[in-house]
Amino acid sequence: MPQKVTWTQKKEDLYIKVNGHFDFNHCLKFLNRNPAECLHRVTTTQFWKVLPLTEQPVLIAAGAHPKGLLVKTLDGSLSPDKASEVIRYVIELFDLTRDLDPFYKQMEADPSLNRVVRSLRGLRLIGIPDLFEALCWSVIGQQINLNFAYNLKRRLVESTGSSLSWNGERYWTFPSPETVLQISDEDFKNWQFSRGKYVYIKGIAEAFVTGTLSKNSLVQMSMEDAYESLLSLKGIGPWSAHYVLMKCLGYSEAYPIQDVGLHNALKYQLNRDEKPSLSELEDLGKRWHPWQGYVTFYLWHTLIT
DNA sequence: CTCCAGGTCCATA
DNA sequence: TATGGACATGGA
């Protein structure tokens, strides 16, 4: 059962009350894990981002507040429609409707990972609410190290995305599918994308533009059907499909079993010399069901230096 | 120099 | 159905 989230508005401030476990600092640490991140900014106590809403982008600064989150919108007045869109986006971004009690109960019985999970209590799965962005990011991240991936994303976003300046800082949004389709292969090459990556990304953009693909249609399917739809896209394999199911479509049981980060984190946390085998990963996945995605995310968090 | 990074596709047998 | 190579680049 999803957990209830309530909120109140005072002028440009939105106070979101989170029921259940929530630790903003654990979330902030994950959001701050790479200095080359270009789609949001993290300061000591605040998370800053331009939200890509339907009418116009809105810059927010979010910080901890007793029992929840205080979201300040920083540019212009906040109509009721806009406010509820901001709320919806923030709820998805921080997975605020998830009831974590069953997850914690289940993991308490897990002798190997209960300490890790306990140490990150209140961490929620940080999502990528925008499906196009999530798909592109999964393609960009394939096979290469994360630092390089963040640089590729940054070159793409800072060359073709939109930006908004506030108080001397510039905030970017991910380019639209239409914009991505206009990018020349030459540009992608100069940004050091492999040919595979930009062909896949353009193909995905094409699927959005032609209406073959939309988040709206995927959320109405079963997880299995959504998985198959994602797999049918060139460049989206099992890892990417599961990545998108967990980061964008809200499936806590999505399980990117091929993920190298997951393998390494398990190796360390289980105190092994080798990475776990595929069959062991499958067994672990069965044990964690339906929280494979959450466990994976918690393990990713342990990799932050 | 070799191997590995948040994999995936394609050719070949 | 299964396996090998290519892909771009940087760091260990």
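Numbered from 1 within each chain, the chains take letters A, B, ... in sequence-line order.
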Problem - 5'-most by nearest nucleotide on DNA chain B - Lys234(A) or Ile144(A) - result: Ile144(A)

Handout entry: Ionic contact status for Asp23(A) with Arg121(A), cut-off 4.0 Å
Key = no

Practice task
Check the distance between dT9(C)'s C1' and Phe193(A)'s CZ and give it to me in whole angstrom.
Solution key: 13 Å

Problem - Check: Phe193(A) and Tyr200(A) side chains under 4.5 Å, non-hydrogen atoms - result: no

Handout entry: Spacing of Leu156(A) atom CG relative to dT9(C) atom C1', expressed in whole Å
Key = 17 Å

Exercise for the section: Compute the ring centroids of Phe24(A) and Phe47(A), then answer whether they are less than 6.0 Å apart. Expected result: no

Problem - Sub-4.0 Å heavy-atom contacts from residues 236-259 of chain A onto DNA chain B, ordered by number - result: Ile236(A), Gly237(A), Pro238(A), Trp239(A), Ser240(A), Tyr243(A), Gln258(A), Asp259(A)

Fill in the blank from the handout: note: Tyr198(A), atom OH; dT9(C), atom P; distance rounded to Å ~ 11 Å

Exercise for the section: Check the distance between dC7(C)'s P and Asn145(A)'s CG and give it to me in whole angstrom. Expected result: 19 Å

Practice task
Nearest whole angstrom, please: distance from the P of dT9(C) to the CD of Gln143(A).
Solution key: 13 Å

Handout entry: Ring centers of Tyr255(A), Trp291(A) separated by less than 6.0 Å
Key = no

Practice task
Decide, yes or no, whether a salt bridge links Glu92(A) with Lys215(A) under the criterion of side-chain N to carboxylate O below 4.0 Å.
Solution key: yes

If you look only at distance, which donor and acceptor atoms sit under 3.5 Å apart when one is on a side chain in residues 226-234 of chain A and the other is two or more places apart or in another chain?
residue: Ser229(A); atom: OG; partner: Asp225(A); partner atom: O; Å: 3.1
residue: Ser232(A); atom: OG; partner: Ser229(A); partner atom: O; Å: 2.6

Handout entry: Nucleic acid contacts of residues 267-295 of chain A, taken as heavy-atom distances under 4.0 Å to DNA chain C
Key = none

Practice task
Would you mind reading off the distance between Asn190(A) atom CG and dT9(C) atom P, rounded to a whole angstrom?
Solution key: 10 Å

Practice task
Rounded off to whole Å, could you give me the CD-to-C1' distance for the Gln192(A) and dC7(C) pair?
Solution key: 13 Å

Practice task
Starting from C1' on dA5(B), measure out to CG on Leu303(A) and report it in whole angstrom.
Solution key: 12 Å

Exercise for the section: For dA5(B), take OP1 and OP2 only and decide whether either is under 4.0 Å from a side-chain N or O of Asn264(A). Expected result: yes

Practice task
Go through the steps for Glu12(A) and Ser77(A) under the test side-chain hydrogen bond (donor to acceptor under 3.5 Å, both in side chains), then give the verdict.
Solution key: CA-CA 7 Å; Glu12(A) 269 71 63; Ser77(A) 65; 5.6 Å; no

Handout entry: From CA spacing to verdict: salt bridge (Lys or Arg N to Asp or Glu O under 4.0 Å), Lys153(A), Glu37(A)
Key = CA-CA 8 Å; Lys153(A) 181 172 82 163; Glu37(A) 172 62 63; 2.9 Å; yes

Completion exercise
Winner on side-chain proximity to Tyr200(A), out of dA5(B), dC9(B), dT9(C), is dC9(B)

Handout entry: NZ/NE/NH1/NH2 to OD/OE distance under 4.0 Å, Lys267(A) and Glu274(A)
Key = no

Exercise for the section: Would you classify Leu233(A) as touching base, sugar-phosphate or nothing, given that sugar-phosphate means primed atoms plus P, OP1 and OP2, and contacts are heavy atoms under 4.0 Å? Expected result: sugar-phosphate

Problem - Whole-Å C1' distance, dA5(B) and dA2(C) - result: 25 Å

Problem - Watson-Crick or G-U counterpart of dA12(C), or none if no pair lies under 3.5 Å - result: dT2(B)

Exercise for the section: Indicate whether any N or O donor in one side chain lies under 3.5 Å from an N or O acceptor in the other, for Thr97(A) and Asp95(A). Expected result: no

Completion exercise
Winner on side-chain proximity to Val260(A), out of dC9(B), dA5(B), dT8(B), is dA5(B)

Handout entry: Strand partner of dT8(B), provided both Watson-Crick or wobble distances fall under 3.5 Å
Key = dA6(C)

